[in-house]
Amino acid sequence: MIEFRLLGPTEVWANGRRVDAGQPQQRAVLAGLLADAGRSVPVDTLIDRVWGQDPPRGARPSLQAHITRIRQMLEQAGEPGRPPVPLVFAAGCYLLDVDPGQVDLHRFRLLAAQARAPQCPDELRVDLLRQAVELWRGEPLAGLRGPWMAQSRLAWQREYLAAAVDWGDAELKVGNPGAAITLLSDLTAEHPLTESLAVVLMRALAAAGRPAEALTHYESIRQHLVAELGTDPSAELQAAYRSILQGTEPAAEPRPAEAAPAQLPADVSGFTGRTEHLDQLDARLRETSTVAIVTVAGMAGVGKTALALHWAHRVADQFPDGQLYVNLRGFDPAGRVMDPADAVRGFLDALGVAPGRIPATLDGQAALYRSQLAGKRILVVLDNARDAEQVRPLLPATAGAVAVVTSRNQLTALLAVEGARPVPLDVLPEEEARDLLRRRLGADRTDAEPGAVADIIAACARLPIALAITAARALQNSFPLAALAAELHETGARLDALDTGDPGAQVRAVFACSYAALSPATARLFRLLGLHPGPDVSVAAAAALAGLPTAPARRLLAELTHANLLLERAPGRYVCHDLLRTYAADLTETHDPDAVRRAATVRLLDHYAHSAYAADRVLYPVREPIEIPLGDPAADSHPFADHRAAMDWLTAEHPVLLAAAKHAADNGFDTYAWQLAWAIDTFLFRRGHWYDRVAIWSNAERSADRLDNLNARALAYREVARSNIDIGRPAEARPHLHRALELCVQSGNRAGQANVHNNLAYLNAREQDYQQALAHTREALALYEAAGNLRGQAIALSGLGWYNDMLGEYEEAIVYCRQALELQAQVGDRRGEADVWDSLGYAHHHLGRYAEAAECYEHALEVVREIGDRHAEAEILVHLGDTHQASGHPNDARTAWTAAVTILGELEHTDVDEITAKLAALPAEPAMRLPSQL
């Protein structure tokens, strides 16, 4: 019996003895074959796995030599009277024809899959998972180098960690918590950022009567997360910590329920054919022991997205943990390719991760994303990818997950390194193309004119997008299909000069025929949609673009949808295929004068700027406004009834607004560039889109530099600085602040100068230089006074109070805070008033005036509860609890801190750990209740 080992050094064992598997490069070839034991591996893929994507000139003959030596080794290792393990070559592929069960990697996956089956009994699950984890002998593929080895090693280790977590959970469930503690402790030390390991280890330690060790482990992983990812523990890890802290049984605590994301766009109506390709996708679905990655590649318009979405809807019920979808816009006609960081951030939002937990860097976000998917049965559809680098941060790493990637490129790097399986897609076979038309037009109509159907199929180059548009055209009347075929032929003849031989270019004739059939108003809207910068367009935005009221614009969009020139991807939001967007852009460039196109763009930017501005005024009404002139009457802004409506609109339009702002900066609409940046800034800040803020303000700064508006330029420089401070880049921020100050001095804008000094103080405070922060804040106060800006004066006085608090100058802090309170009452800034009461309470507390401190905190609580600021309420409750504890009232402190924990838990805020630690340090209270019971 021959056994192959990859989960450690690559080894071959026969009849209980180790067989010499050769030098490292030969073992690398063997590993490349064993990773797909029992399946064919193309020669090019094998070369990529061993030598990388830039192999030496002699790689192919070297591979053949290694294959020969491996065959000899297998023959020598074989048992007498039994044929050796076959290693065969056919159709450009090598096949190591061995039972996957003879390879430790595949046996591990099989055991883990059996254990995860819903019907598996608990005791058997424990045994299967124990066998699985015991197969590991150290670092997989030890001693072998190269990109594929490194990627495989990382992916397999993630599978191992997931199995170890499952084993710990299983042992807990059968009442044997101590069995997995040693392994889990070792793994947690090696992988301190894997929170699922920490959760099960903490619960196992607590269940084994070692709660102090569990809490120590929690503190250790919390420090690692903060130091390396800039984030705090997940809600599940915090829940485990609180549960152990409160003395409840950790193993019995259910995991918090999560809403499964369901991001798939609507299924494709009238989908037909592609049976072979659907079968290939189904085959990957059955591989539940590892993450499955499939690439669907083919030319534009061949139906890649339609296939992926149709299959995804067909199998969605097999992914109970949800389905994620993103259009990466890899071949966007205007070059607006999606940044992987934006896609990862969107997935984290969909998975319910609170903005405060999301790291600033792409690596940190990708690590958190993979952590969120760990152990989940989830489907990820990555549509319209440009290359492997755009995709890699978005790939799941959990066994049982499936990722489907569509692209016009082959993505060979994913095949070689990540082990993705290709599903190449070509134009439809003749019969499937005929069936598509038959389904859409009816069998009676197509069967009556088989010759015309054949002509239509030929004219459409058997591309699904062209066939669908032609079918929609035919449904608009009852003319003979032969007439439509003739029209296509004539139009195609007129466009022969544009024919490059690519079927994707040939379909221009189909587009031209459908466009010619549109009413003049609808044709005009279609052309103007070629000017839209975003990934999708709302009814209101389309109306602004066309200069129409909403109702007629909606009717025109419906006509375009019926003609298959648009797709209503979500209610009221429309998308256009890249080929059609390019065609529409060409049409408007040809038929619409510059003045018409510019006016349409101005109306569109008016709509977005005024709507975003209105949303911001709802979110942050006391924010100092900017001057934004009345826009085009035909570009109505969106009305917002309340905070929820404003946030919902900004969330839906977020990528469009970013694209619109960049389009404005790139095309000379400079005023809109900085106005859009201002209008969306509050939303980006509150949702934690830190890098979007840097990007949009950098574009605004570029545009503002071309304007005569010194105030706009100063604002842009100041906000570029502020956004850089927030992501921890003080060196980048400082010169922008100094430039902003120069511009404000040049324009004589005293309030602007004061704002910059406040930002400089903020920068100093982040660096804990409170003396310098005081100096800048005093300068700001003097400037606000000279400008007669009462709200600015109140903010500066409040800052002076807080910075004096930080320096221990509490009496002076009180003086400034009382002055700030008087001004806050005049300007009506209730949120600012709460901040001042909080600072006053802090000062009184540290002067030992606990009754006065508590009274100040109660005033602050009254204000924040009135305005509904839950996070501020939690912060003030913490300070109130500190005062109660210092004054000798631990029960009152417990009440305040417990209420704060409840609020922060609901908000999924990271500060909850510090407060639970305060609770833990209090004297024990009989029959202490959980926060959720209070």
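Start at 1 with the first residue, then count along the sequence. As the structure is a prediction and not an experimental result, all values here were calculated from the model.
- Using a 4.0 Å cut-off between charged nitrogen and carboxylate oxygen, R734 and E767 count as a salt-bridge pair.
- Residue R750 qualifies as open at atom CZ: its count of foreign heavy atoms under 6.0 Å is 12 or below.
- Here E389 pairs with R392 under the salt bridge (Lys or Arg N to Asp or Glu O under 4.0 Å) rule; sequence neighbours left out.
- Listed by chain and number, the residues in a salt bridge (Lys or Arg N to Asp or Glu O under 4.0 Å) with D383 amount to none (sequence neighbours excluded).
- Between the side chains of E219 and Q223, a donor-acceptor pair is found at a separation under 3.5 Å.
- Qualifying salt bridge (Lys or Arg N to Asp or Glu O under 4.0 Å) partners for R370, counting only residues two or more places apart in sequence or in other chains: none.
- Listed by first then second residue, pairs satisfying ring-ring contact (aromatic ring centres under 6.0 Å, His included) with a partner in residues 752-781 read H757-H776, not counting sequence neighbours.
- Judged purely by atom type and a 3.5 angstrom limit, Y369 uses its side chain to pair as donor or acceptor with the backbone of L394.
- R693 meets the side-chain hydrogen bond (donor to acceptor under 3.5 Å, both in side chains) test with D681, D726; sequence neighbours excluded.
- Classified by interplanar angle (parallel below 30°, tilted 30° to 60°, perpendicular above 60°), the ring pair H879/Y842 is perpendicular.
- For the pair D838/V864, no side-chain contact is recorded, criterion being any heavy-atom separation below 4.5 Å from C-beta on.
- The backbone N or O of Y608 sits nowhere less than 3.5 Å from a side-chain atom of S611 that would complete a donor-acceptor pair.
- Not a single donor-acceptor pair under 3.5 Å links the side chain of R729 to the backbone N or O of N724.
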Show me the side-chain donor-acceptor pairs of residues 614-625 shorter than 3.5 Å, one per line, residues at least two apart or across chains.
{"residue": "D616", "atom": "OD1", "partner": "R623", "partner atom": "NH1", "Å": "3.0"}
{"residue": "D616", "atom": "OD1", "partner": "T682", "partner atom": "OG1", "Å": "2.6"}
{"residue": "D616", "atom": "OD2", "partner": "R623", "partner atom": "NH1", "Å": "3.0"}
{"residue": "R617", "atom": "NH1", "partner": "R623", "partner atom": "O", "Å": "3.0"}
{"residue": "R617", "atom": "NH2", "partner": "P621", "partner atom": "O", "Å": "3.0"}
{"residue": "R617", "atom": "NH2", "partner": "R623", "partner atom": "O", "Å": "3.3"}
{"residue": "R623", "atom": "NH1", "partner": "W678", "partner atom": "O", "Å": "3.1"}
{"residue": "R623", "atom": "NH1", "partner": "T682", "partner atom": "OG1", "Å": "3.2"}
{"residue": "R623", "atom": "NH2", "partner": "W678", "partner atom": "O", "Å": "3.2"}

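- Residue pairs satisfying the ring-ring contact (aromatic ring centres under 6.0 Å, His included) criterion with at least one member in residues 697-742, sequence neighbours excluded, are listed as follows: Y717-H736.
- With a 4.5 Å cut-off on side-chain heavy atoms, Y816 and V836 do not count as touching.
- Looking at heavy atoms from C-beta onward, Y613 lies out of side-chain contact with Q675 at the 4.5 angstrom threshold.
- Screening residues 795-809 for side-chain hydrogen bond (donor to acceptor under 3.5 Å, both in side chains) gives no qualifying pairs among residues at least two apart or on separate chains.
- Evaluation of the side-chain hydrogen bond (donor to acceptor under 3.5 Å, both in side chains) rule for D387 yields no partner, not counting sequence neighbours.
- A salt bridge (Lys or Arg N to Asp or Glu O under 4.0 Å) check over residues 663-675, counting only residues at least two apart or in different chains, returns the pairs K662-D666, D666-R702, D670-R706.
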Quiz item: Taking it one step at a time, do E719 and R722 satisfy salt bridge (charged side-chain N to carboxylate O under 4.0 Å, His left out)?
Solution: CA-CA 5 Å; E719 292 303 332; R722 176 61 186 259; over 6 Å; no
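- Applying the salt bridge (Lys or Arg N to Asp or Glu O under 4.0 Å) test to every pair with at least one member in residues 785-802, sequence neighbours left out, gives these pairs: R791-D829.
- The side-chain heavy atoms of P535 and V575, taken from C-beta on, include no pair separated by under 4.5 Å.
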Exercise. Please lay out, stage by stage, how I626 and W674 fare under the test side chain to side chain contact (heavy atoms under 4.5 Å, CB included).
Key: CA-CA 10 Å; I626 60 172; W674 75 264; 3.8 Å; yes
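- With sequence neighbours excluded, the residues satisfying side-chain hydrogen bond (donor to acceptor under 3.5 Å, both in side chains) with D536 are R573.
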Quiz item: Are L604 and L531 close enough, and set up right, to give a side chain to side chain contact (heavy atoms under 4.5 Å, CB included), and what steps lead you there?
Solution: CA-CA 9 Å; L604 183 71; L531 301 172; over 6 Å; no
